[in-house]
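Comments concern the structure below.
A quick note: this is a predicted structure, and the numbers were derived from the prediction, not measured.
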Amino acid sequence: MRFAVFHRALWLLLCTNAIAVYFASHSIRRLIVSTLAFSLFLQLAYFGSVLFLLWRARRAEHLGFSRQERPAIDQ
């Protein structure tokens, strides 16, 4: 995924979350806290997915697969 697409999707999610929280609670404080918490959650999920991809690549190397021979794990 290109960074520009990722960046737009991230902002879209954060703005959607902020609007939903504001209309549900009518509280600016709750909006800020929940948006920051959601941002932290998204960053942790992204970091975890990068770690998973690195682990999967090392596992494939350890098992002796080259880049062309790697099994399709996602399918």
Side-chain angles (χ1 to χ4, degrees):
M1 178 184 296
R2 300 180 106 177
F3 178 73
V5 174
F6 172 75
H7 190 252
R8 286 185 189 125
L10 180 68
W11 277 106
L12 180 67
L13 284 171
L14 288 175
C15 289
T16 303
N17 178 56
I19 290 169
V21 168
Y22 181 74
F23 282 124
S25 68
H26 297 289
S27 170
I28 296 295
R29 175 181 273 177
R30 192 169 288 173
L31 177 142
I32 292 170
V33 169
S34 71
T35 303
L36 288 175
F38 189 62
S39 175
L40 179 64
F41 170 74
L42 288 175
Q43 289 177 10
L44 288 173
Y46 182 74
F47 183 70
S49 67
V50 169
L51 285 180
F52 173 73
L53 289 174
L54 289 172
W55 171 78
R56 192 173 74 171
R58 279 197 48 108
R59 183 173 164 259
E61 271 183 19
H62 181 63
L63 293 175
F65 293 108
S66 67
R67 287 182 177 244
Q68 292 80 18
E69 299 172 337
R70 285 191 185 156
I73 297 174
D74 293 335
Q75 297 175 352

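Nearest approach of Phe38 to Leu14, heavy atoms of both residues: CD2-CD2, 3.7 Å. The heavy-atom pair separating Asn17 from Ser34 by the smallest distance is ND2-O, 3.6 Å.
By the 4.5 Å heavy-atom criterion applied to side chains, Leu54 and Val50 are counted as neighbours.
A continuous path of ILVMFWY side-chain contacts below 4.5 Å connects Tyr46 to Phe3, so both sit in one hydrophobic cluster.
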For a side-chain contact (heavy atoms from CB on, under 4.5 Å) check, start with the C-alpha distance between Leu12 and Thr16, then their side-chain angles and the critical distance, and finish with the verdict. CA-CA 6 Å; Leu12 180 67; Thr16 303; 4.2 Å; yes

Working for side-chain contact (heavy atoms from CB on, under 4.5 Å), residues Leu51 and Trp55: CA-CA 6 Å; Leu51 285 180; Trp55 171 78; over 6 Å; no

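Between the side chain of Thr35 and the backbone N or O of Ile32, no donor-acceptor pair lies under 3.5 Å.
Note that CG of Leu40 and CG of Leu36 are 9.0 Å apart. Values are rounded to the nearest 0.5 Å.
Taking the six-membered ring where the residue is Trp, His7 and Trp11 present perpendicular rings, their angle passing 60° and hence far from 30°.
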